[in-house]
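Shown next, in structure tokens, is the structure this report addresses.
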Amino acid sequence: MSTSFADWVSTADAVRSTPKKLEKHAALARYLGTLDDSDLQIAARLFAGAPFPRRDERILSVGWSALSDVLLERSGRNGGEMAESYQRHADLGDVAADLIAERAAAGDRLTLADVAQTFDAIAAARGVAPKRDLLRATIARATAGEARYIVKIVSGETRIGLREGLLEEAIARAFGRDREEVGRANMLTGDIGETALRSKHGTLTEPTLAHFLPIGMMLATPVLQLEEVEKRFPPPYIVEDKYDGIRAQVHKAGDRVELYSRTFDRITNRYPELVEPLLAIPGTFVIDGEVLAFAEGRAVPFTDFQTRLGRKNVAEELRTKMPSTLVAFDILERDGRALLDAPFDERQRILRDLPIVPPVIFAERQRLELSGEELVATLNREFTAARERGNEGLMVKDPRSPYRPGRRGMEWLKVKRPLRTIDVVVTAVEWGHGKRRGVLSDYTFAIRDGERLLNIGKAYSGLTDKEIAEMTKYFLEHTIQDYGRVRTVVPDTVIEVAFDQIQPSDRHESGYAMRFPRIARLRPDKPVGEIDTLETVRQIAGR
Ligand code: AMP
């Protein structure tokens with residue numbers, strides 16, 4: 001027997017009424033712990049604010065006018081009163097509760113199963129009237145409090161005071177599971193209901209990778225300087241081109257193939273020309289890749305390719321003018337075997353065994369067994385080569401790493417923009433905070449314009465503790481003026497600063513500012529007369 005929806009509602013109310021996370025967890029955990037399997041799944045999904053699991057493609061599509069018809073009928077109020085209430089609440093669920101107020105509900109009390117069945121039926125019904133009638137029958141049985149949440153969910157108003165992260169924590173707590181494992185299962189299954197069930201039964205880590213149920217994609221961490229790569233993990237490095245297109249997860253089983261976006265949307269019909277070549281690959285698979293177009297051997301810039309994206313069904317013309325290619329760079333399942341925990345190296349072997357033909361291709365890649373300067377020099381060359389192929393930059397991956405769905409870790413690194421540095425001179429220094437307390441660690445620096453020095457930025461990190469200590473001593477002895485926190489210093493310390501971008505800005509006297517400046521190294525070898533000039537900065541910013 002399904003439990004009453006009223007219990008779910010009072011739990012949701014309790015969660016909403018407290019700003020304290022621990023109290024929210026406790027209320028949820030207490031409630032979830034009392035439910036049988038079926039109710040547990042329903043309750044968890046509803047707490048996530050959606051009628052169906054995230055991976056489920058069904059939609060309710062009940063329009064505003066059908067919803068307001070139902071509410072006016074149930075509450076016996078008029079359109080003016082409804083508009084007035086909406087002014088006050090700006091949330092149709094709260095309006096429903098407000099209008100219905102104390103009016104008694106008809107028929108039997110709703111159970112969780114009733115609510116779930118209503119959503120199933122509405123999604124399956126075709127046409128406005130049948131959908132409205134199904135909703136009307138359920139709202140007739142709902143109290144004001146129950147109607148609030150049903151309407152919130154139907155209208156797609158997911159603000160019921162719960163983020164999925166909080167729900168995951170509560171589920172972990174209800175069943176004494178590891179918070180991380182719960183998150184991972186949620187990512188993998190795309191269903192908080194199933195995640196709750198797995199938590200209850202202790203089967204969180206059982207492999208899942210079902211066809212046509214997309215999972216989260218593994219993400220990369222940016223590196224600003226090639227020297228940083230080596231600090232993240234030791235050699236060997238798998239270096240791939242970073243393609244500037246649309247990330248796609250491709251599922252194939254039987255005679256069906258589908259492409260999914262990063263947000264789990266089905267995007268197959270945007271790239272009809274890929275379907276046949278993918279179907280031609282025997283067996284089942286889940287491939288991770290990037291969709292883009294090539295012209296004369298070079299990648300077409302994303303902005304040009306993007307003109308295809310807006311439309312759901314691409315006109316024949318665009319398809320022939322700018323046919324898309326799938327660049328495959330990873331494989332997550334092959335012929336019934338989930339490969340998420342297999343090392344990247346092994347996944348690569350399996351991937352590259354697939355008998356593919358264009359427009360499906362493999363990512364450009366190399367394996368580098370290098371370190372130190374040799375590694376940096378090679379990455380530098382490869383970066384330029386990737387840019388010449390029209391690609392955005394490089395991805396550097398750890399061959400030992402598993403596939404971590406939905407995670408941004410250090411096992412995939414992305415090197416995007418051309419790495420730029422300029423040489424500048426330190427003009428002022430500041431006492432640091434936290435573990436940099438007691439040392440002069442924050443530097444303001446300038447570029448040169450003829451004889452003048454013009455400040456362009458300020459940066460903290462980058463130097464070693466030893467270097468910072470030495471520089472502190474030096475700056476104390478070369479202070480021009482001590483303002484307390486800050487001191488101006490003799491401008492003779494040249495440093496190299498790396499950055500992401502330079503843009504016009506009135507923050508500094510040079511008229512430019514840097515995005516993400518970092519001190520790359522000290523340049524004692526460089527005289528102040530040779531630091532970069534305003535002219536150089538103008539050129540960099542102008543590009
Ligand atoms: P970003 O969008 O800048 O965070 O970079 C990560 C994105 O790069 C991924 O989501 C992919 O869409 C894309 N990408 C392009 N080439 C690759 C590749 N070889 N490996 C992984 N991701 C790639």
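Atoms within each ligand, like the ligands themselves, are counted from 1 in listed order. All values below come from the heavy atoms of this structure, side chains included, with hydrogens, waters and symmetry mates left out.
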Protein heavy atom at shortest distance from [atom]:
atom: atom 3 (O) of ligand 1; answer: K416 NZ, 2.8 Å
atom: atom 16 (N) of ligand 1; answer: Y243 N, 2.9 Å
atom: atom 9 (C) of ligand 1; answer: R247 NH1, 3.3 Å
atom: atom 11 (C) of ligand 1; answer: E290 OE1, 3.0 Å
atom: atom 17 (C) of ligand 1; answer: F329 CE2, 3.5 Å

* To do: Return yes when D288 approaches ligand 1 closer than 4.0 angstrom through a heavy atom, no otherwise.
  => no
* **ligand 1 contacted by K397 (non-hydrogen, < 4.0 Å)** => yes
* To do: Could you list which atoms of ligand 1 come closer than 4.0 Å to a heavy atom of M395?
  => 17 (C), 18 (C), 19 (N), 20 (N), 21 (C), 22 (N)
* **Under 4.0 Å to a heavy atom of W412 - the qualifying atoms of ligand 1, by number** => 21 (C)
* Asked: For atom 7 (C) of ligand 1, which candidate among R408, K414, K242 holds the nearest heavy atom?
  -> K242
* To do: Using heavy-atom distances, let me know which of R262, E392, E240 sits nearest atom 2 (O) of ligand 1.
  => R262
Would you say [X] has more than 12 foreign heavy atoms packed within less than 6.0 Å of its [atom1]?
X: D335; atom1: CG; answer: yes
X: R58; atom1: CZ; answer: yes
X: E276; atom1: CD; answer: no

* Not counting sequence neighbours, which residues clear side chain to side chain donor-acceptor pair (under 3.5 Å) with R337? List them please. => E346
* Distance-only polar pair, side chains of H211 and E333, donor-acceptor under 3.5 Å -> yes
* To do: Apply side chain to side chain contact (heavy atoms under 4.5 Å, CB included) to the pair L28 and L166, showing each step before the final yes or no.
  => CA-CA 10 Å; L28 281 166; L166 193 137; 3.8 Å; yes
* CD/E258 to CZ/R266 distance, rounded to the nearest 0.5 angstrom? -> 4.5 Å
* For ligand 1, indicate whether the residue D241 contacts it via side chain, backbone, both or neither (heavy-atom separation under 4.0 Å). => backbone
* To do: Could you check if a side-chain atom of L204 sits within less than 4.5 angstrom of a side-chain atom of R177, using non-hydrogen atoms only?
  => yes
